[in-house]
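This report refers to the structure that appears directly beneath it.
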Amino acid sequence: MSATKTKKTSAPTGALRFGLCCQFLEQPIKFRVTTATAMQRLSRREQLARFAELCAGNAESLLAALKFCAANQIGSFRILSPIMPVKTHPTIGYRVDELPGADGIVAQFRRCGEFARANRIRTGFHPDQFVVLNSPDENIVARSVADIESQSELAEWTSADTVNIHGGGGYGDKLAALERFKRNLEKLSPRARARLTVENDDKTFTPSDLLPLCRSEGVPLVYDAHHHRCLPDELSVAQATEAARATWKNREPLFHLSSPIEGWSGPKPERHHDYIDPKDFPAAWRGWALTVEVEAKAKELAVARLQSDLNVNATGDIEKTPRKTP
């Protein structure tokens, strides 16, 4: 698989598209991050200069990533959450307009969005596990809202249509926790609210737990089939697929796919494999427009192998039954 192909083969609208998540294994496309601890050693002027350097470089890398996707029939790219590092930190965070060369940085991110639209590459964000909208701690909720808002601003620049989070913690009463989630949706701006999605996880919230909230609040469900097998409910994969699909009123559904590193009978089936076992691709996902983010450690290699294993053609259709992996 090469980033130097000249023929554009990006997936057309309405096709099954596979998504690459955040990073590359072999391609020389890198995103640079930093930590609050490292930045606290610098003066404020030095901090802002360093943040500007990192953000500008990451915007360039994002464009390179999108070009790679366009050249390799990858129809979706999940943007690294800290692509603007430490932006919402309570003491050394920053507004974009504080950065030297801010206008140029924003313009480059907007060019990424223009490229994604022109090449029909879907983009999205997935804030980390510390973003908990249903926490009983108001400080955690406030920081979570700040992160969602920050990534929604970036989403606007990069034409991303999803900012996906997990349901959060159960805190001993899942129904009460989901009620807090629902109330805290009111803290989000229209820009953030329009992009927010919620995903079933492998520890607390199943699809059937989240579907009532999704239906009542209009929040699309990102159905993770791996999580569902780790934390099952009364729904079959086909039933959960159909129910989740129905929550996507104005966008193509976005689902997640991964395989367990030690197999389904292994000691920790929630751990992700380097690649996807094609047998784990649900039959219920065939034949309709869908974005499938491939959550596998081999990154672009895993996407390429799954495309080959499922025999996905240039129009995004699966042409035959997937072959069995040795």
Side-chain angles (χ1 to χ4, degrees), residues 1-13 15-34 51-85 87 96 104-128 150-164 195 252 254 256-258 272 274-276 291-307 312 314 316:
M1 189 160 61
S2 170
T4 60
K5 293 180 181 179
T6 57
K7 183 179 179 182
K8 185 164 66 179
T9 58
S10 54
T13 301
L16 171 68
R17 66 175 102 202
F18 289 110
L20 174 61
C21 295
C22 305
Q23 303 277 13
F24 293 83
L25 184 66
E26 290 190 346
Q27 290 299 309
I29 302 171
K30 305 296 182 185
F31 296 94
R32 296 187 297 163
V33 298
T34 189
F51 286 136
E53 177 190 359
L54 291 171
C55 293
N58 286 343
E60 294 288 345
S61 294
L62 177 57
L63 185 59
L66 294 171
K67 288 180 177 178
F68 176 88
C69 290
N72 289 279
Q73 202 181 319
I74 298 174
S76 176
F77 186 73
R78 183 194 295 175
I79 301 172
L80 187 74
S81 292
I83 197 167
M84 299 190 78
K87 183 172 179 289
V96 177
I105 293 170
V106 174
Q108 180 63 6
F109 278 119
R110 291 191 183 278
R111 280 192 285 274
C112 293
E114 292 165 2
F115 182 89
R117 288 195 304 272
N119 289 271
R120 300 187 295 275
I121 299 171
R122 189 179 191 181
T123 54
F125 288 86
H126 192 355
D128 65 30
S150 176
Q151 294 193 26
S152 296
E153 180 181 46
L154 271 162
E156 189 172 72
W157 301 340
T158 56
S159 299
D161 69 345
T162 55
V163 176
N164 180 49
R195 290 175 169 83
E252 179 178 295
L254 169 66
H256 289 175
L257 183 66
S258 49
H272 290 184
D274 291 350
Y275 292 91
I276 304 295
T291 301
V292 178
E293 288 188 339
V294 176
E295 296 188 323
K297 295 178 182 179
K299 299 299 182 181
E300 75 275 20
L301 304 186
V303 176
R305 180 180 291 186
L306 184 61
Q307 289 169 328
V312 178

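- Considering CZ of Arg122 and CD1 of Ile74, their distance stands at 16.0 Å, rounded to 0.5 Å.
- Going from atom OG1 of Thr158 over to atom CZ of Phe115 covers 14.0 Å, rounded to the nearest 0.5 Å.
- Remark: Lys87 pairs with Glu153 by the salt bridge (charged side-chain N to carboxylate O under 4.0 Å, His left out) rule, at least two apart or across chains.
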Let me see the working for Asn72 and Glu300 under side-chain contact (heavy atoms from CB on, under 4.5 Å), right down to the final yes or no. CA-CA 9 Å; Asn72 289 279; Glu300 75 275 20; over 6 Å; no
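- No donor-acceptor pair under 3.5 Å is formed between the side chain of Glu293 and the backbone N or O of Leu254.
- Between Pro82 and Asn58, every side-chain heavy-atom pair lies at or beyond the 4.5 Å cut-off.
- Residue Pro127 comes nearest to Gln151 through the heavy atom pair CG-OE1, 3.5 Å, listed as atom of the first residue, atom of the second, then distance.
- Here the straight-line distance linking atom CD1 of Ile121 with atom CZ of Phe68 works out to 11.0 Å at 0.5 Å rounding.
- In summary, Arg78 and Glu295 engage in a salt bridge, as defined by a charged side-chain N under 4.0 Å from a carboxylate O.
- Separation of atoms CD1 (Ile79) and OG1 (Thr123) is listed at 4.5 Å; rounding is to 0.5 Å.
- Side chain of Ser81 to main chain of His126: a donor-acceptor pair is present (N/O by atom type, distance under 3.5 Å, no hydrogens or angles).
- No donor-acceptor pair closer than 3.5 Å links the side chain of Arg305 to the backbone N or O of Ala298.
- Only one option out of Leu80, Leu154, Asp161 pairs with Phe125 in a side chain to side chain contact (heavy atoms under 4.5 Å, CB included); it is Leu154.
- Considering all non-hydrogen atoms of both residues, Ala65 and Phe31 come closest at CB-CZ, 4.2 Å.
- The side chain to side chain donor-acceptor pair (under 3.5 Å) test applied to Ser76 returns no partner, not counting sequence neighbours.
- To the nearest 0.5 angstrom, Ser159 atom OG is 9.5 Å from Leu66 atom CG.
- Considering all non-hydrogen atoms of both residues, Val294 and Cys21 come closest at O-SG, 3.6 Å.
- Under the rule for a salt bridge (charged side-chain N to carboxylate O under 4.0 Å, His left out), the partners of Arg32 that lie at least two apart in sequence or sit in another chain are Glu53.
- No side-chain donor-acceptor contact under 3.5 Å links Arg111 to the backbone of Leu63.
- To the nearest 0.5 angstrom, Thr162 atom OG1 is 11.0 Å from Glu252 atom CD.
- Scanning both residues, Ser258 and Ile276, for their nearest heavy atoms gives CA-CD1, 3.4 Å.
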Test Leu20 against Lys299 for side-chain contact (heavy atoms from CB on, under 4.5 Å), laying out the working first. CA-CA 6 Å; Leu20 174 61; Lys299 299 299 182 181; 4.1 Å; yes
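- Between Phe24 and Phe77, the ring planes lie parallel to each other; the angle is under 30°, not in the 30° to 60° tilted range.
- Of all heavy-atom pairs spanning Cys55 and Ile105, the tightest one is CB-CG2, 4.1 Å.
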